Amino acid sequence: MTGAEKPQTSQAEALEAFVDLFLDPRHNAAGRYPERCAPFRDSALQAKRAPIVLPRLWEAVDESAYYVIARRPNEAGVVRDLLVAFTGPSLVKVGYDVPLLLDGGDVIETAIAASFGPASAFKLRAPREKRKELHAALIRMLSMVEHSPQRAWSAPKPLGRLLTDFEAALVGGASQVAAELLDQIGRQGGLSVANLKHLQIKRLAVMGQARELLALSGLREVLLQDPPRAVKDMVLSAIYATCIEPALAEDSLDQACAAMAQPRVPIALLAEENPVRFSDAAAATLLIGLLARGQETELAGAIAALDGAQRSAAIPTELDRYRVEVAHAVPAGAGKVGDRAGDAAADTGGVWRPATWEELLTAVADGDKAAVRLCQDMEADGAAEVPLAADTDADAALAELLSGMGDAGYENVWRYALSPFLQEVSRSGLSLPLTLAQITASSIGQRRDPANLAALDLLLELFLRTSPSADDYDEFLEHLTMRVQEWVASETASQALDFVDRLAAFATPDRQMRAQAALELLMPLNRHAQRLDEACLASARSLTHELELELDWPVWQQPASDEDAVAIGPAHVLVYGMDTGVLDRVQQWMAQQYPQVKVSLSADKVGSSRLREVARHADFSVLITQCATHAATNFISQHAPGVVYPKGAGSVSVVRAIVDELHHRARSAPLSAALGGRRRAR
């Protein structure tokens, strides 16, 4: 045997061991029926390109499922597309489009995570009367994939386009899409290891996954390379959420200081940093770090600087005694660290500082490094470093600037400046209809993939806030509905319904225009209404009635033997997001359709004792990450027993995420009880 053959043999043996474990009757009753499992077992061991499909049966509760596993981490997105084409939502209503969150307490799912990764598997269930159809569809899928002509898994995209889509997905609240794009960026190459880690850190921060961020492999090495301030801010905020805030909530300053000595806290990040230059949570981390190291003089100076910069909210109340002493101890401390404006100027070399967004966007389009860094810092700490003018002349100037940009310049703007710009528009409430319409018009030629749909949803919401004229409204809706036949389908139903819901939620200068746009978005769904799930169909019917459209939607027909028919019982859900209009409509719809479910809402930018208690007592929390601050999302994730991320940031996507999770928990409860009873019997 040659040396080249050994790894292949070892890999084949490992795969066979995994399949044998999966089909072991001790863990999986399907293993008692080898003739039914044989086609899937043979394909798993012999196929090279088709995904792994293995059946699982729980006889105690008469429940069955198929696990579909990507052989390689970079193929999870392709497996999803295959399942959409072959199984869902005609045969399978849920589980075909989002990887399964694997259970570490389950033998089989633990083995999947160890062998193929945590986001590699999809779990499919079908109604009893459609199980044979699902069985046949999966066998047909395996055969066609394995024997079809060789093709690339995905069409290659330029690295710049991938990075632009990644930023669009994050700002639009499509965190799962951002994860898929990040995986594709890593496979394609072209970025340094450090820059790829920066993107991973940003995604985890936006999602509020502070623990996962601090556990990220290679984090210490990245921080030793002096990354951009935005990256440091995200890491410091994660430290605050996981180590400091829980201690301060118990009024234990000593415990907060002791937490800074934990192995997961990168000590090097806490030294020689100016708290004034960071967000409130990150600044508080630096202050506690100074106290933990016994640098009380430096702590007093930092507190004085924060007070001088009107950043008192960043100072934990437990440090008030150092504020009292500073007036007599180190009055010069504030001068040492400087103010926020001075630091921003220093970051840009002390030469250039933009006076307007027009000037900043021009510099970003030209690839100016100082302008790019300023955008990153604004996005990280939520500070409005550049004023946003409210007059119509400024709006027209920005729109004209964007319309005249070349492709390279516009990609730079979209990648670096779009997120802080839209966040500032959202915070300020200013009316910039021409600029928002121009950004939307510039995306017409792009494929309506999930990342662009997420960004378009945000643009629509911000545009409708501006109370546009009839002409502007008509032009914007024309951009919105262009090429709807190419992307509106059952798997994008919630995103399309989000758009219709936005139209219904805002006043319109022309009811006929709004009705026409809504019909263009709804008609493709109406033609395939039987493929919609319960939440989407109910939302479509409600919106049709609200907008007085002439469309007939069928009544949801739940098969009597469908496992998904498990009744949803009383539950408590926390929904967090920055758009209070979306939150209110989610609460209204849930009250109408599922009155037994209590929905609490939050749009807080930072954590509070009230938010902590609500998150702890809710069964799970839904985080809308569109334009959200990582301080609040980190806070909720630390205290919530479970977190769910909707596919989009609109009301329909959120309601669908809630209903899907409630159905999943209702189905899992009998299974968990049965398995628990079997363990106790042993």
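Since the structure is predicted, the reported quantities are computational estimates derived from the model, not experimental observations.
Side-chain atoms of Arg71 come within 3.5 Å of backbone N or O of Ala44 as a donor-acceptor pair. Side chain of Tyr645 to main chain of Met207: a donor-acceptor pair is present (N/O by atom type, distance under 3.5 Å, no hydrogens or angles). Side chain of Gln376 to backbone of Tyr416: no donor-acceptor contact under 3.5 angstrom is found. The backbone N or O of Pro39 sits nowhere less than 3.5 Å from a side-chain atom of Ser43 that would complete a donor-acceptor pair.
Heavy atoms only, all atoms of each residue included: Leu23 and Cys37 are closest at CD2-SG, 4.2 Å. Across all non-hydrogen atoms, the minimal contact from Leu480 to Val484 is O-CG1, 4.3 Å. Here the closest heavy-atom approach between residue Leu57 and residue Ala30 is recorded as CB-N, 3.6 Å. Among all heavy-atom pairs drawn from Arg531 and Ser490, the shortest one is NE-OG, 3.3 Å. Between Glu411 and Thr164, the closest heavy-atom pair is O-OG1, 3.8 Å. Contact record, Leu102 with Ala121: CD2-CB, 4.3 Å, taken as the closest heavy-atom pair.
Residues Arg72 and Glu75 are paired through a salt bridge, judged by an N-O separation under 4.0 Å between the basic side chain and the carboxylate.
A distance of 12.0 Å separates CD of Glu486 from OG1 of Thr492, quoted to the nearest 0.5 Å. Once rounded to the nearest 0.5 Å, the distance linking CG of Leu199 with CG of Leu163 reads 6.0 Å. Remark: Ile624 CD1 to Ser651 OG distance equals 7.5 Å, nearest 0.5 Å. With rounding to the nearest 0.5 Å, the separation of CG in Leu159 from CD1 in Ile185 is 6.5 Å. The CG atom of Leu54 lies 8.5 Å from the CG atom of Asn28; values are rounded to the nearest 0.5 Å. With rounding to the nearest 0.5 angstrom, the CG atom of Asp97 is 8.5 Å from the OG atom of Ser494.
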Expected list for residues 166-180: side-chain donor-acceptor pairs under 3.5 angstrom, two or more places apart:
unit_1, atom_1, unit_2, atom_2, d
Glu167, OE1, Lys202, NZ, 2.5
Glu167, OE2, Lys202, NZ, 3.3

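Of the options Val586, Val654, Val622, a side chain to side chain contact (heavy atoms under 4.5 Å, CB included) to Val573 is made by Val622 and by none of the others. Each of Glu461, Gln626, Arg502 was checked for a side chain to side chain contact (heavy atoms under 4.5 Å, CB included) with Val582, and the lone residue meeting it is Arg502. Exactly one residue among Arg128, Arg56, Arg125 makes a side chain to side chain donor-acceptor pair (under 3.5 Å) with Glu63. That residue is Arg125.
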* For His135 and Arg36, run side chain to side chain contact (heavy atoms under 4.5 Å, CB included): C-alpha distance rounded to whole Å, both residues' side-chain angles, the deciding distance at 0.1 Å, then the answer. => CA-CA 10 Å; His135 180 93; Arg36 186 169 178 80; 3.6 Å; yes
* To do: Go through Val53 and Met141 one step at a time and tell me if the side chain to side chain contact (heavy atoms under 4.5 Å, CB included) criterion holds.
  => CA-CA 10 Å; Val53 178; Met141 179 189 76; 4.0 Å; yes
* May I have the step-by-step check of side chain to side chain contact (heavy atoms under 4.5 Å, CB included) for Arg131 and Ser64, ending in yes or no? => CA-CA 9 Å; Arg131 288 179 182 175; Ser64 65; 3.5 Å; yes
* Given side chain to side chain contact (heavy atoms under 4.5 Å, CB included), test Leu214 with Val235 step by step and report yes or no. => CA-CA 7 Å; Leu214 295 181; Val235 178; 4.1 Å; yes
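Applying the ring-ring contact (aromatic ring centres under 6.0 Å, His included) rule to pairs touching residues 60-80 yields Phe22-Tyr67, Phe40-Tyr66, sequence neighbours excluded.
Side chain to side chain, Gln209 and Arg203 fail the donor-acceptor criterion of an N or O pair below 3.5 Å.
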